[in-house]
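No experiment lies behind these values; they were computed from the predicted model shown. Reckoned from all heavy atoms, side chains included, excluding hydrogens, waters and symmetry mates.
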Protein chains: 2
Amino acid sequence: MTARSESAAKTKERLLDAALTLFSQQGYAATGIRDILQEAGVTQPTLYHHFADKASLLQALIERHYGESQEQLAGIVASEETISGKLSAFALTSFEYCNRDPRVPRLMFQTYFGPTVPEIDGVLDKLTEKRFRLVVRLMEDAITAGELSPSDPEFLALSFCSMVDQPLNLFSRKARPKRYLTAELAHAIVYLFLGGAK
Amino acid sequence: MTARSESAAKTKERLLDAALTLFSQQGYAATGIRDILQEAGVTQPTLYHHFADKASLLQALIERHYGESQEQLAGIVASEETISGKLSAFALTSFEYCNRDPRVPRLMFQTYFGPTVPEIDGVLDKLTEKRFRLVVRLMEDAITAGELSPSDPEFLALSFCSMVDQPLNLFSRKARPKRYLTAELAHAIVYLFLGGAK
DNA sequence: AATTTCCTATACCGATCGGTATACTCGCAG
DNA sequence: CTGCGAGTATACCGATCGGTATAGGAAATT
């Protein structure tokens with residue numbers, strides 16, 4: 001039950017990895033199933049042995065990567081005390097996640113902002129909403145604790161997420177200098193968000 | 001020279017409008033030429049009488065809409081005195097532009113953030129870079145004028161643009177409440193950017 | 001040793017893609 | 001009145017798409 005199912009899992013992994021590479025580079029619609037097969041070194045019936053169709057590949061990628069990063073993020077943020085610490089942890093973790101494998105956020109942004117993929121619609125929305133709600137709650141707590149001036153928590157969360165995500169998006173899209181998503185940038189964002197530019 | 005070339009221009013316009021609608025809804029790759037023909041109520045040879053190929057349609061759309069909005073923006077921003085006024089004008093103009101016809105920014109964002117369209121690559125980058133540089137220069141001036149604390153102008157510009165563009169992007173993507181991209185939101189963004197959340 | 005699981009190889013399906021070709025109509029302009 | 005520009009109608013091209021069918025091989029489990 002171990003030796004053969006192990007190699008089967010490896011093949012499945014190769015397929016997912018190839019799909020991640022190609023989807024993130026060219027987009028879902030522009031990537032043909034045959035491209036994936038070639039990249040993975042596998043034949044067509046094999047793919048359909050592991051996945052129902054092309055859309056299942058994308059769905060599997062999204063659920064795996066986004067789900068695990070989500071839990072990590074919530075845990076790390078919760079372990080901080082101050083609003084400044086929480087926001088820094090949020091930005092840092094997001095940056096590290098992108099530096100580890102830029103293909104993942106690139107696929108996420110491309111799928112989220114790019115043309116609708118009808119087969120997936122809603123899945124990604126639910127996950128991004130969850131991440132956004134995490135930040136909203138964070139802002140609410142900080143306001144009631146007196147750490148932030150009273151104002152709309154959703155507006156604050158949207159603004160902060162924008163400041164974090166746009167660099168992420170830009171970085172994952174094109175080849176940027178190695179040290180772009182640094183801890184310094186993360187802290188600068190938090191500092192600007194809390195203190196303003198004036 | 002007027003009567004027939006006038007109706008010809010009208011047909012060309014119908015094609016561009018149909019392409020704008022469909023490209024912005026489904027994305028460039030997912031939109032077939034035959035979809036555009038049906039939407040415009042025109043036959044295939046007619047399209048190829050006005051445009052060389054599918055890519056020329058997208059290129060024409062981008063250059064027209066982005067170019068004209070760009071000039072407008074630069075003029076309006078220049079007519080303001082303070083940094084606060086300039087930033088507000090920037091945000092407001094961007095919002096108004098989106099409220100007027102959400103298809104345009106939606107196409108822009110989708111093309112910019114979505115999967116690469118090889119035929120267009122570079123065109124959109126040049127235009128977004130131009131808009132970004134406008135804001136960078138604005139920040140530089142404000143810093144030398146003592147209106148902003150000294151810090152990296154590119155970082156400030158990126159952060160501010162993120163705060164403005166993300167709502168734009170979200171609004172153009174899905175049906176939001178009518179009054180979402182309001183003057184109040186624009187001012188709130190500028191206020192937050194300048195003064196911080198603390 | 002027999003059987004099942006995982007996989008290859010190859011060929012095919014109908015549909016759709018972007019783009020072209022041909023032939024014909026109509027109305028304004030010279 | 002003649003020619004040309006704008007347009008329709010229709011049919012076709014080769015290529016590629018996602019997905020299926022069939023047949024068989026190698027290896028591990030039983």
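Between Leu194(A) and Ser84(A), the closest heavy-atom pair is CD1-CB, 3.9 Å. Among all heavy-atom pairs drawn from Phe132(B) and Leu158(B), the shortest one is CE1-N, 3.5 Å.
Below 30°, between 30° and 60°, or above 60°: for Phe160(A) and Phe90(A) the angle between ring planes is between 30° and 60°, a tilted geometry.
Judged by a 6.0 Å distance limit and a 45° cone about the ring axis, Lys126(B) is not positioned over the six-membered ring of Tyr66(B).
Asn99(B) contributes a side-chain N or O that, together with a main-chain N or O of Leu181(B), makes up a donor-acceptor pair within less than 3.5 Å. Between the Lys198(A) side chain and the Gly195(B) main chain, no donor and acceptor come within less than 3.5 Å of each other. A donor-acceptor distance shorter than 3.5 angstrom exists from the side chain of Tyr28(B) to the backbone of Ala55(B), with no hydrogens or angles considered.
An OP1 or OP2 oxygen of dA6(D) is reached within less than 4.0 angstrom by no side-chain nitrogen or oxygen of Thr11(B).
Less than 4.0 Å separates DNA chain C from at least one heavy atom of each of the following residues of residues 47-58 of chain B: Tyr48(B), Asp53(B), Lys54(B). Listed by residue number, the members of residues 30-45 of chain B with any heavy atom below 4.0 angstrom from DNA chain D are Arg34(B), Gly41(B), Val42(B), Thr43(B), Pro45(B). Of the residues in residues 114-121 of chain A, not one places a heavy atom less than 4.0 Å from an atom of DNA chain C.
The nearest whole Å value for the distance from the CZ atom in Arg14(A) to the C1' atom in dC7(C) is 11 Å.
Atom CD1 of Ile143(B) sits about 9.0 Å away from atom CD1 of Ile83(B), to the nearest 0.5 Å.
Both Val136(A) and Phe155(A) are members of a single hydrophobic cluster when ILVMFWY side chains are connected at heavy-atom separations under 4.5 Å.
Between Arg133(B) and Glu129(B) there is a salt bridge, with a side-chain nitrogen of the basic residue lying less than 4.0 Å from a carboxylate oxygen of the acidic one.
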